[in-house]
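Values in this document were obtained by computation on a predicted structure and should not be read as measured data.
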Amino acid sequence: MNGKKPGLVLGIETSCDETSAAVVREGKEVLSLVISSQAKLHSRYGGVVPELASRAHLEALLPAVEEALGDAGVGLEDLDAVAVTRGPGLIGSLLVGLTAAKAISFAMDLPLVAVNHLEAHIYAAFLEYPELEPPLVAFVVSGGHTLLVYMPRHLEYEVLGETLDDAAGEAYDKVARILDLGYPGGPVIDRLAREGDPHAIPFPRALMRDGTYNFSLSGLKTAVAQYVRKARESGLPLRVEDVAASFQAAVVEVQVEKITRAAREKGVDRVVLAGGVAANTYLREKLREGLKELGASLYHPSIKLCLDNAAMVASLGYRLLGEGMISSLEVEASAVLPLGSR
Ligand code: KG4
Ligand code: ZN
């Protein structure tokens, strides 16, 4: 480490529809975090349009980097490294961030640290809770992923289970589309569900007691679509709040069962919720209750750090930098990158 402010990492995140830049000190202290969301741009299409996303990243990234440096009161010359998401994600979007990070690394002679987006989501928890340490169980749940993971030590992972079809966020977004609620669907369903009855409609709980740590949501999504279609065809009153609450209950009950079982089996007393869907208030509440019975604690980052952001990228980047895990300028973007691959 060099410079008068040791441990300063610039993080860059462009894997999906958020353009983000952040400056983080020693992997823990967020000096600045700029997030430019494209949600409005994509909302009329009910999902992210990859070509539009890459173009928007191109326009937003350099201003975001400048703003992040300005907010932190530092210049490029003060940095110790630049960390960037290289996957998984939309390839065109990833390329924008990775290319910019390479250019900064080359121009400023700074170490480049390419990071895995899923792993970065877990590292958001270490920003929010500086005292938190592994061993822990992490549930990484976003628009593209649903992963239940055992983390015995920093930078080490054992994937216990994952989704066999739709990611949880994807299911929230699709159900929101069925109900004409716009994109992203998760926050709207979360809000509407608070006014609804979670027991109103008995939607299926797939793989609830199959003994694995895998998830399946496509059957649930179809069940919601059929229920809504039938109600609309027969002209029966459709209580959107009840559909939202019953759908959410079906998703969360299975998640809580599997996460608490994983914590018990691995003998850990710390569980981290990570990724965009970790913002879900019902999941947080039910999981906290479930873990309380085990004597385990729930760690969930604030909503800003749950969603895609560059601070988590910088936090993980600092950890990798400390282990000498620096990337070459030849490192490539990767749409598919399993947890544990960097
Ligand atoms: O991690 P993230 O920002 O992007 C990906 O890497 O996918 O997650 C975005 C996803 C979207 O599917 C969005 O609907 C979902 O997270 N989401 C939520 C909530 N807030 C965002 N899902 C359920 N409840 C929420 N409160
Ligand atoms: Zn994400």
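You'll find the side chain of L79 reaches within 4.5 Å of the side chain of L69, heavy atoms only. Between Q38 and L52 there is no side-chain heavy-atom pair separated by less than 4.5 Å. By the 4.5 Å heavy-atom criterion applied to side chains, L337 and R86 are counted as neighbours. In this structure, the side chains of T85 and T14 stay at 4.5 Å or more apart for every pair of heavy atoms. Between L273 and L298, the closest side-chain pair of non-hydrogen atoms falls below 4.5 Å. Counting heavy atoms from C-beta outward, V149 and V137 have side chains that stay 4.5 Å or more apart. Two residues are said to be in side-chain contact when any heavy atoms from C-beta on lie closer than 4.5 Å; V251 and F215 fail this criterion. Under the 4.5 Å side-chain criterion, counting only non-hydrogen atoms from C-beta, E158 is in contact with L160.
Here E133 does not pair with R270 in a salt bridge; the nearest charged N to carboxylate O distance is not below 4.0 Å. Between K174 and E170 there is a salt bridge, with a side-chain nitrogen of the basic residue lying less than 4.0 Å from a carboxylate oxygen of the acidic one. Between E233 and K230 no salt bridge is recorded (no basic side-chain N to carboxylate O distance below 4.0 Å). Between R232 and D180, at least one side-chain nitrogen of the basic residue sits less than 4.0 Å from a carboxylate oxygen of the acidic one, meeting the salt-bridge criterion. Classification of R319 and E323 as a salt-bridged pair fails, no side-chain N sitting under 4.0 Å from a carboxylate O.
A donor and an acceptor atom, one from each side chain of S302 and E128, are located under 3.5 Å apart. With no hydrogens or angles considered, no side-chain donor-acceptor pair links H57 and D17 at under 3.5 Å. For the residue pair E162 and H145, no side-chain donor N or O sits within less than 3.5 Å of a side-chain acceptor on the partner. When only modelled atom types and interatomic distance are considered, Y157 and N116 share no side-chain donor-acceptor pair under 3.5 Å.
Atom CZ of R55 has 12 or fewer heavy atoms from other residues, nucleotides or ligands within 6.0 Å. With a 6.0 Å radius and a threshold of 12 heavy atoms from other residues, nucleotides or ligands, E332 has its CD atom at or below the threshold.
Between the side chain of N309 and the backbone N or O of L307, at least one donor-acceptor pair lies under 3.5 Å. Panel note: side chain D166, backbone A171; no donor-acceptor pair is recorded below 3.5 Å. Without hydrogens or angle criteria, K102 side chain to V331 main chain gives a donor-acceptor distance under 3.5 Å. A side-chain donor-acceptor contact under 3.5 Å links S54 to the backbone of P50. Checking side-chain atoms of S142 against main-chain N and O of G275 turns up no donor-acceptor pair under 3.5 Å. Distance alone, capped at 3.5 Å, places no donor-acceptor pair between the R205 side chain and the V252 backbone.
Using cut-offs of 30° and 60° on the angle between ring planes, the pair Y172 and F247 is perpendicular. Note: F126 and Y123 have tilted aromatic rings, judged against thresholds of 30 and 60 degrees for the angle between ring planes.
Here the straight-line distance linking atom CG of L8 with atom CD of E29 works out to 9.0 Å at 0.5 Å rounding. Atom CG of L110 and atom CG of D78 lie 10.0 Å apart (nearest 0.5 Å). In this structure, CZ in R239 is found 10.0 Å from OG in S246, a value given to the nearest 0.5 Å. Distance NE2/H117 to CD1/I122: 11.0 Å, rounded to 0.5 Å. The CD1 atom of I259 sits 7.5 Å away from atom CG of L291, with the distance rounded to the nearest 0.5 Å. Rounded to the nearest 0.5 Å, atoms CD (E293) and CZ (R288) are 14.0 Å apart.
In this view, D165 and S216, S218 satisfy the side chain to side chain donor-acceptor pair (under 3.5 Å) rule, not counting sequence neighbours.
Listed here is the closest heavy atom pair of L220 and P204: CD1-O, 3.9 Å. Here the closest heavy-atom approach between residue D242 and residue G196 is recorded as OD1-CA, 3.4 Å. What you find for R284 and C306 is that their closest heavy atoms are NH2-SG, 3.5 Å. Contact record, A176 with G182: CB-O, 3.7 Å, taken as the closest heavy-atom pair. Closest approach of A53 to S93, counting heavy atoms only: CB-OG, 3.6 Å. Taking every heavy atom of both residues into account, V23 and A72 meet most closely at CB-CB, 3.8 Å.
Taking hydrophobic clusters as Ile, Leu, Val, Met, Phe, Trp and Tyr residues chained together by side-chain heavy-atom distances below 4.5 Å, L132 shares a cluster with L316. Follow the hydrophobic side-chain contacts under 4.5 Å out from L155 and you never reach Y150; the two are in separate clusters. L283 and L147 fall into different hydrophobic clusters, where Ile, Leu, Val, Met, Phe, Trp and Tyr side chains are chained together by heavy-atom contacts under 4.5 Å. Criterion: ILVMFWY side-chain heavy atoms under 4.5 Å apart, direct or through other members. Under it, Y227 and V240 are part of a common hydrophobic cluster. Residues V254 and V243 are members of one and the same hydrophobic cluster, defined by side-chain heavy-atom contacts under 4.5 angstrom among Ile, Leu, Val, Met, Phe, Trp and Tyr.
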V224/F203 under side chain to side chain contact (heavy atoms under 4.5 Å, CB included): CA gap, chis, key distance, verdict = CA-CA 7 Å; V224 174; F203 287 131; 3.9 Å; yes
Would F139 and V271 count as a side chain to side chain contact (heavy atoms under 4.5 Å, CB included) if you check the C-alpha gap in whole Å, the side-chain angles of each, and the deciding distance to 0.1 Å?
-> CA-CA 8 Å; F139 187 50; V271 171; 5.6 Å; no
Go through V84 and L112 one step at a time and tell me if the side chain to side chain contact (heavy atoms under 4.5 Å, CB included) criterion holds.
-> CA-CA 8 Å; V84 62; L112 174 72; 4.0 Å; yes
I would like to know whether R153 and E156 meet salt bridge (Lys or Arg N to Asp or Glu O under 4.0 Å); could you show each step before the answer?
-> CA-CA 5 Å; R153 275 171 291 282; E156 280 185 34; 3.0 Å; yes
Side chain to side chain contact (heavy atoms under 4.5 Å, CB included) between L148 and V140: does it pass, once the steps are laid out?
-> CA-CA 6 Å; L148 189 53; V140 186; over 6 Å; no
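If you chain together ILVMFWY residues whose side-chain heavy atoms come under 4.5 Å of each other, I91 ends up in a group of its own. Clustering of Ile, Leu, Val, Met, Phe, Trp and Tyr by side-chain heavy atoms under 4.5 Å joins I35 with V24, V30, L33, L127, L305.
Looking at K286, Q248, R194 one by one, the single match for side chain to side chain contact (heavy atoms under 4.5 Å, CB included) with T281 turns out to be R194.
The aromatic ring centroids of H300 and Y129 lie 6.0 Å or more from each other.
The cationic atom of K258 (NZ for Lys, CZ for Arg) does not lie both less than 6.0 Å from the six-membered ring centre of Y213 and within 45° of the ring axis.
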